[in-house]
There are 2 protein chains.
Amino acid sequence: MRRPTLEEVATAAGVSKMTASRALRGARDVSKDNILKVREAAERIGYVGNQLALSLSAQHTNLIGVVVPTMSNVVFPEVLSGISAVLEGTGMQAVFGLSEYDATKEREIIRNMLSWRPAAMIVTGLDQPDDTTRLLRQAGVPIVQVMDLDGEPVDFSVGLSHTAAGEEMAGALIASGRQRFGYVGSGLGRDLRAAKRKAGFEAGLARTGLRFLAEETAPELSSLGLGKRLTQALLEREPEIDCLYYSNDDMAAGGAFACMELGIAVPSRILIAGFNGLDIAQALPFSIATSYSPRRQMGETAARLALQAMTDDRKTLERVVAFTPRISLAGE
Amino acid sequence: MRRPTLEEVATAAGVSKMTASRALRGARDVSKDNILKVREAAERIGYVGNQLALSLSAQHTNLIGVVVPTMSNVVFPEVLSGISAVLEGTGMQAVFGLSEYDATKEREIIRNMLSWRPAAMIVTGLDQPDDTTRLLRQAGVPIVQVMDLDGEPVDFSVGLSHTAAGEEMAGALIASGRQRFGYVGSGLGRDLRAAKRKAGFEAGLARTGLRFLAEETAPELSSLGLGKRLTQALLEREPEIDCLYYSNDDMAAGGAFACMELGIAVPSRILIAGFNGLDIAQALPFSIATSYSPRRQMGETAARLALQAMTDDRKTLERVVAFTPRISLAGE
DNA sequence: TCCGGTATCGATACCGGTATCGGTAACGTA
DNA sequence: TACGTTACCGATACCGGTATCGATACCGGA
């Protein structure tokens, strides 16, 4: 049971394939009579056009390839959401792929996507290995690298500097009087942006001669549960801490829960600082510090940039779109 | 600057297109010498195969279309994650689409995807309008409907009964001694599964002659912040409530935060019940009730089923894969 | 020397659309 | 009547791969 082809629609309508094609596309040079006949025939036999043939013939697709590392951190679904919203109604279609923070897997996904001849690609981060970068460069379509700024983009980058974000958070926390810092992290080594924030934070501490008095990290990806466990472990080892920096808000919220269970006042006794500005950081009944990252907006901007680069002259577009995360210490 | 074609690789290697094709695919009937020459040429000029031509020729693709309503509820990213994991290494590629809980948008996405001739489709829920169902049925490929069971699947359904889940939660809460119930919901009218849970819960209450004493709902999608606001509003109107049922765990956790701020003991004074069994329901420093839904597992099962139905005889496969959510009142 | 088998290669057709271009019919006008 | 214009239609080529099948070269054995 094969799907009906345009040829079959044409036969059913008693016209040629070419006339049927024109009729369905609303092209000119078709009589009203035939338009009706073809539409009716197509409807009747349930014809659905074949993008494979169309795209092969037209030498381009309406596909935009999007690669993100994971879905288990809400920021990426939000980026996808922003991309999807901008593409809505443009006739473009996003194709998603998950790299699981694995460079090899990422390259295979990108190669796979490129074999579909997408009109543009949006990938996460700037830290791809050289062979992946070459692949992207040779694709001959606009490449937008999203989420990060610390590095050199293939074509365009849309994001924020995680190094700077970490450093500024450190500065703000020191300015607020904190002195004994600890770090709780997850998935370092894989999550390069979290690692950049940590490095930036440490640089910020170093400016006033400070450093982390304790660290607790795990290779797993971030989660509330992990943040809670690692925080408990860290506070047991080093109870004198007065400020904890986390790899992100999920971990930080978990840490906040740990403090609640231990009866530790937040933020008076221990200040908890994360990254992202998730919903949870605001809804919590007490304040935790965070940097608001405009995830959805970055997705939207990346998609818009990709669309522009497809049509406009690429040279006239800004190569780098920088966002600055707003730091909040007070939970608002 | 067009991408190089197989023809160009062949010319560069000094062989015919056909030999080049065979060499790159590792097919037989090519000399070792030519294999090397073609591989080298392809590598040198950065050849990437063209899936459009391949799939058009082969009359099938390696695409699996996946449609979910939103990314702003973590359960869907998790389903996607499960699908993606199962497809990993099978050569199949997932293509995602977001319907935003809009039936018209959903139909357009499905039509769009079908025009790419996917090898299977995975869509959310069983409540598509008739024209969408017809579209799916006529596609001639395996259709897996995921997340829900209350309805008749086109081919296969993988999920749980939300009606039953609501009803059972009501029973469990009544059995635990609660009597004055309230409901806090979001996105009803759009989120049909949340509506089913509510209806089931009400049926469960009705069995012992009970009903919701107060409801607070909003058309927006669920979020922690919304759950918090609606809970505050509801408790102001109806402070005598001793149990609140929520459309899901996001909302419930928001409600829990609202109670904390109001100094209301949870669960002793008010029991809070959600749905999904999210991470947050466990990490919270006090217990909230929830039904654990195996989101990732449903995604995995749906993907596996799609793969099987593509190869095996469809008739031998179970049409319905049912999961039963485990209810937890105690936060574990 | 001749023959069958094996290894290797390439010409051709085809997948299902659309661009292109030439053809036909109808009509108005000189 | 002859001709140009307009409206409409369809045959053909092409996009970039692979399946198929026939061709060629080489080898060993009779």
Side-chain angles (χ1 to χ4, degrees), chain A residues 1-38 41-42 45-63 91 111-112 114-119 139-140, chain B residues 1-38 41-42 45-63 91 111-112 114-119 139-140:
Chain A
M1 165 178 159
R2 235 181 57 278
R3 300 237 50 174
T5 70
L6 185 61
E7 182 79 60
E8 282 153 34
V9 173
T11 306
V15 298
S16 76
K17 201 172 125 181
M18 205 53 235
T19 299
S21 168
R22 283 195 266 254
L24 291 179
R25 280 179 296 144
R28 18 184 299 274
D29 286 357
V30 197
S31 66
K32 296 199 197 324
D33 189 39
N34 275 342
I35 290 180
L36 257 40
K37 278 198 289 193
V38 171
I45 63 185
Y47 174 72
V48 174
N50 187 333
Q51 278 285 350
L52 296 168
L54 196 157
S55 296
L56 176 62
S57 171
Q59 294 279 66
H60 62 257
T61 64
N62 62 349
L63 266 22
R111 175 175 270 282
N112 226 303
L114 288 179
S115 74
W116 285 100
R117 300 293 186 263
Chain B
M1 163 175 161
R2 233 181 58 278
R3 300 238 49 175
T5 71
L6 185 62
E7 182 79 61
E8 281 151 33
V9 174
T11 307
V15 298
S16 77
K17 200 171 125 181
M18 204 53 235
T19 299
S21 168
R22 282 195 267 254
L24 290 179
R25 280 178 298 144
R28 16 182 301 270
D29 285 1
V30 197
S31 66
K32 295 198 196 326
D33 189 39
N34 275 340
I35 290 179
L36 257 40
K37 278 198 288 193
V38 171
I45 65 185
Y47 174 73
V48 174
N50 187 333
Q51 279 285 350
L52 296 168
L54 196 156
S55 296
L56 177 62
S57 172
Q59 294 278 66
H60 63 257
T61 63
N62 62 349
L63 265 23
R111 173 175 270 283
N112 227 304
L114 288 180
S115 74
W116 285 100
R117 301 292 187 263

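Chain letters run A, B, ... following the sequence lines, proteins first and then strands; every chain starts at 1. Owing to the predicted nature of the structure, the values given are computational and were not obtained by experimental measurement.
For B:Ser115, the side-chain hydrogen bond (donor to acceptor under 3.5 Å, both in side chains) test picks out no residue, with sequence neighbours left out. Looking at residues two or more places apart in sequence or on another chain, you find no side-chain hydrogen bond (donor to acceptor under 3.5 Å, both in side chains) involving A:Thr11. Under the side-chain hydrogen bond (donor to acceptor under 3.5 Å, both in side chains) criterion, A:Thr61 pairs with no residue at all, not counting sequence neighbours.
Residue A:Lys32 contributes atom NZ, which lies 16 Å from atom C1' of D:dC9 at whole-angstrom precision. Put simply, CD on B:Gln51 is 14 Å from C1' on C:dC15, counting in whole angstrom units.
Contact check, A:Asn34 against D:dC9: a side-chain N or O comes under 4.0 Å of OP1 or OP2.
Heavy atoms only, all atoms of each residue included: B:Tyr47 and B:Leu6 are closest at CE1-N, 3.4 Å.
Rounded to the nearest 0.5 Å, atoms CD (A:Gln59) and CG (A:Leu54) are 11.5 Å apart.
In this structure, A:Val15 and A:Val30 have side chains that are not in contact, with every pair of non-hydrogen atoms separated by 4.5 Å or more. Considering only heavy atoms from C-beta on, B:Trp116 stays 4.5 Å or farther from A:Val48 through its side chain.
For the helix from C:dT1-D:dA30 to C:dA30-D:dT1, the terminal axes (five pairs an end, C1' atoms, rotation from four pairs onto the next four) enclose an angle of 70°, given to 10 degrees.
Screening residues 12-29 of chain B for salt bridge (Lys or Arg N to Asp or Glu O under 4.0 Å) gives no qualifying pairs among residues at least two apart or on separate chains.
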Checklist line | Sequence-aligned protein contact record of nucleotides 16-27 of chain D, with B where the base is within under 4.0 Å of a protein heavy atom and S where only the sugar-phosphate is | finding: BBBBB-------
